[in-house]
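To start, the structure under review is shown below, and the notes come after it.
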Amino acid sequence: MAENMTDIKSVEEKCKKLWEKEGVYRFNPKTKKKIYSIDTPPPTVSGRMHIGHAFSYSQSDFIARFMRMNGNEVFYPFGTDDNGLPTERLVEKSKGVKSKDMPREEFIKMCMNFLKEELPVFVQDWKNIGISCDWNLRYSTIDDESRKISQWSFLDLYKKKRVYRKDAPAMWCPECRTGVAQVEVQDKEINSFFNDIIFKIGKENVKVATTRPELLPACVAVFYHPEDERYKKYKGKNARVPLFNFEVPVKEDKRVDRKKGTGIVMCCTFGDQTDMEWQKAYNLPIKMAISANGKMTSIAGKYSDKNIKEARKEIIEDLKNAGLLTSSVPIKHFVNVHERCGTEIEFVKSKQWFVKYLDLKSDLLKWGKELNWHPEFMKHRYDNWVKGLQWDWLISNQRYFGVPFPIWYCKDCDEVILAKENQLPVEPTMDKLPVSKCPKCNSKNIIPETDVLNTWFTSSMSPQLATRSVKDESLKKKLFPMSLRPQAHEIISFWLFNTMVKSRLHFGKNPWKDVAISGFVTLKGEKMSKSKGNVISPQEVLEKYGADALRYWAASSKLGEDFDYQEKDLVTGKKLVTKLLNASRFIFMNLDGYKGEKPKKLEPLDDLFLKRLNSIVKSSTENFSSYEYSKAKSDIENFFWKDFCDNYLELIKKRIYKGEKDKKLSAQYTLHKSLLIILKLFAPIIPFITEEIYQEHYRKNEKINSIHLTEWPEFEKEKDSSDFDLLINNLSFIRQEKSKRHIPLNAPIKQFTTPDSKIILKNYKEDFESASGAESINQGNFHTQFAEDNA
RNA sequence: GGUCCUAUAGUCCAACGGCUAAGAUAUCUCGUUUACACCGAGAAGACCAAGGUUCGAUUCCUUGUAGGACCACCA
């Protein structure tokens, strides 16, 4: 059996093969059991599994495995999110290409081929840590079935009037050349200059501070605060924009911060969100200085066609030369960047599709309340996100690789033409039109939508993606809403939220009953991230300590709690695995010839120990049921190591070596039985080693193919087992005395006096004597008398 | 700026308002016993601060301090 890493590796390989061959985790659609269904968010295919994945997916797996053993038929599919922008970026990076430089079709092909190669490697990491998904229920968010569901979702929302297309300023990434949703935007601190630029109002010079002088050609007004005494006199006047030499109105607005810059701000459509609010509020003209490809537009005059940074530099230079720049101070400030590529976000006016949900805020709060949150406080994150929503959900991306919109437009009257449901999945750029002419104007001039749906639009259908292979309607009903959504907390605001939106809009139901939110792994208190360079590779941990140790480590942290990574926790996990092996070896060494027979009468100590075990089964069952796997883990571990190995085994050692027939049998029976129960309790956390021991010693008798398919141990009403503590107290006293006097722990004691002598002598005399070395036990205060004390 | 989480031995963490504050790891001492030195026994070591509620607070409340996260703003 396994004693070192090579053996642990071979145990892992053996188990993985067995599980696959025997279909241990396969969902049985014909089951009579209660169904427990899990909607794990499919991980994004971008490089390898990281430690946060290992942490959070292990935690879900503890629950899945417990539920499976505890009488449920577990529906636990595995998906990969390999759709859209993240995959495009990954392919572009690893193949050194740019999607926009090649034909659409060719790039899509390249992505698909890339995924075909990478997916098995990617998924293998999850198998390696022992995730007990049904690997036959695999799905990818870009495959045909998922496209179908995603496109159906769009058609359904269209019919429900929940999607709309609008020409609107939308957040735009000039690098990716696509619209960007609120959730895809991040903060980034950048170095910039705060420039004081001279505008002319009448004959006076007025300084306006800006970090973005390249937007001067798009200036439509300047604002000051209505209570700012410095500028009140300019009310109603016009200001002349430097270099570009046109006039804009001077206006007052409370949104101006008097303390910032010079207290006068220029409003350019579309510099930032406030600019857009002002544009709307004062009905200002719309001027676009930046185009969709990140270049200056024609209104920038001689700067047109230059990219943003060049234009900024040249304009600053020209202002300086004209004496219109009074100061230029370097500052650090935060800007919005596209999280996928780090490029600064611009606002560009274009036609985009949106899902309308701003009107549902109060409903969304109500629906969020209906979920059972574990831990409860994570609900706040959801609530905060909902309350802070300002935009409808932008779902169109101007990209190649993704699920296409299932629509065409009439070029003459702009009518939207929907695909037929039985056409799905559809590729409008290639597939046949559902109509021969525009139903509204009879034009034959029909063009396909070339945009693709945003990744989240598809992945927010995860309950439907997960259950898509189930065709039986009555079974489907049992699977949805799903029992559990496990996930990490940083994706509450989009994945969980968007899935809620879709589920309610399509089906009028919550997508799940329970939500279990994992914390994340920190290193010295900080979140691990590639950019900080403080990442731990789970593959290396696995190599060094094995999957059980990794899972043991993940089980040390409660749901929702961040957990600081310490290598020594892995060491502890590995030690536990070794200890289990050693204890099993000892037990089966002494079970030679034992055939599972029951003694006529249990020895009092054995009976006492089984009572103890019963109470651990009870508490672990309760803890696992309420997703408190970390509590269960530490209880079981403590019981196994302290009560079972250090004390019970010591107490019965002599009896099992050379006890009388029935007394020995009683110990053998107890050992055989309790080890199996302990293995079962540990099985959800450390599935490999428990399986190994089970296969070797129990499978033949139990006649069940895998420990993970055996029934969770039952428990009875709790019974008094306080004698066990009493025995340990007495042993402990003796050990302490021996330790104080530097006497070997197995040394005999001439006489031991204890206040508990009656109980010990009545029921546990021989076992206690053999473990303590006491030659006689008498009533009295705690005292030990050794042979040499006689002198 | 808003919201949330956390604060306990060197480190990582646990504990219905009530006995000596648990465990892991590191440290020190002892032990080589027919499973295990990846072991056993023992020792030493901690409740962020100030108020409040209470017979009693590490635990509940308030404020502060520190760390972290999410969101918003950022001319």
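A, B, ... follow the sequence lines: proteins, then strands. Residue 1 opens every chain. Keep in mind the model is a prediction, meaning the values are calculated, not measured.
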Checklist entry - When we call it a touch if two heavy atoms are under 4.0 Å apart, what does A/Lys379 touch: a base, just sugar-phosphate, or nothing? => result nothing
Checklist entry - In whole angstroms, how far is the P atom of B/G10 from the CG atom of A/Asp564? => result 17 Å
Checklist entry - Base, sugar-phosphate, or nothing: which does A/Lys653 touch, judged by heavy atoms less than 4.0 Å apart? => result base
Next on the checklist: Counting only side-chain heavy atoms from C-beta out, which of B/A69, B/G10, B/G31 sits nearest to A/Pro744?
Outcome noted: B/G31
Checklist entry - Taking the six-membered ring for Trp, are A/Phe609 and A/Phe639 parallel (under 30°), tilted (30 to 60°) or perpendicular (over 60°)? => result parallel
Checklist entry - When we call it a touch if two heavy atoms are under 4.0 Å apart, what does A/Cys645 touch: a base, just sugar-phosphate, or nothing? => result base
Next on the checklist: Taking only the C1' atom of each, what is the distance from B/U53 to B/G45 in whole angstrom?
Outcome noted: 33 Å
Next on the checklist: Under 4.0 Å, counting only non-hydrogen atoms across every strand here, what does A/Trp641 touch: a base, just sugar-phosphate, or nothing?
Outcome noted: sugar-phosphate
Checklist entry - When you compare B/A9 with B/A24, how far apart are their C1' atoms, in angstrom units rounded to a whole number? => result 12 Å
Next on the checklist: Work out how far the C1' atom of B/A72 is from that of B/C4, and round it to whole angstrom.
Outcome noted: 15 Å
Next on the checklist: If only side-chain N and O atoms count, and only distance matters, is there a donor-acceptor pair under 3.5 Å linking A/Ser328 with A/Asn195?
Outcome noted: yes
Item to check | Short side-chain donor-acceptor distance under 3.5 Å, A/Tyr545 and A/Glu567 | outcome: yes
Checklist entry - If the C1' atom of B/A22 is compared with that of B/C60, how far apart are they to the nearest Å? => result 22 Å
Checklist entry - Under 4.0 Å between a side-chain N or O of A/Lys738 and OP1 or OP2 of B/G40? => result no
Checklist entry - Counting any heavy atom closer than 4.0 Å, what does A/Phe563 reach on the DNA or RNA strands: base, sugar-phosphate only, or nothing? => result sugar-phosphate
Checklist entry - Can you name the one residue among A/Pro486, A/Ser557, A/Ser56 that meets side-chain contact (heavy atoms from CB on, under 4.5 Å) with A/Ser518? => result A/Ser56
Next on the checklist: Once you apply a heavy-atom cut-off of 4.0 Å, does A/Thr274 come out as touching a base, just sugar-phosphate, or nothing?
Outcome noted: sugar-phosphate
Next on the checklist: Between B/G51 and B/G56, how many Å separate the two P atoms, rounded to a whole number?
Outcome noted: 15 Å
Next on the checklist: Need one value for A/Tyr565: base, sugar-phosphate or nothing, where a base atom within 4.0 Å counts as base even if backbone is also close, heavy atoms only.
Outcome noted: nothing
Checklist entry - Across the strands shown, which category fits A/Ser630 at heavy-atom distances under 4.0 angstrom: base, sugar-phosphate, nothing? => result nothing
Next on the checklist: Roughly how many Å apart are B/A46 and B/U62, using the C1' atom of each and rounding to a whole number?
Outcome noted: 25 Å
Checklist entry - Is the closest side-chain donor-acceptor distance between A/Ser556 and A/Lys633 under 3.5 Å? => result yes
Checklist entry - Roughly how many Å is it from CG in A/Leu389 to P in B/A72, rounded to a whole number? => result 9 Å
Item to check | Touch class at under 4.0 angstrom, heavy-atom based, for A/Asp383 against every strand present | outcome: nothing
Next on the checklist: Under 4.0 Å, counting only non-hydrogen atoms across every strand here, what does A/Met589 touch: a base, just sugar-phosphate, or nothing?
Outcome noted: sugar-phosphate
Next on the checklist: Distance check, P atoms only: B/A49 and B/G10, in whole angstrom units.
Outcome noted: 14 Å
Next on the checklist: Mind checking if A/Ser634 touches a base, just sugar-phosphate, or nothing, with heavy atoms under 4.0 Å?
Outcome noted: nothing
Next on the checklist: Just to be sure I understand the rule, does A/Val577 reach a base, reach only the sugar-phosphate, or reach nothing, if contact means heavy atoms closer than 4.0 Å?
Outcome noted: nothing
Checklist entry - Taking the P atom of each, how far is B/U8 from B/A15, in whole Å? => result 14 Å
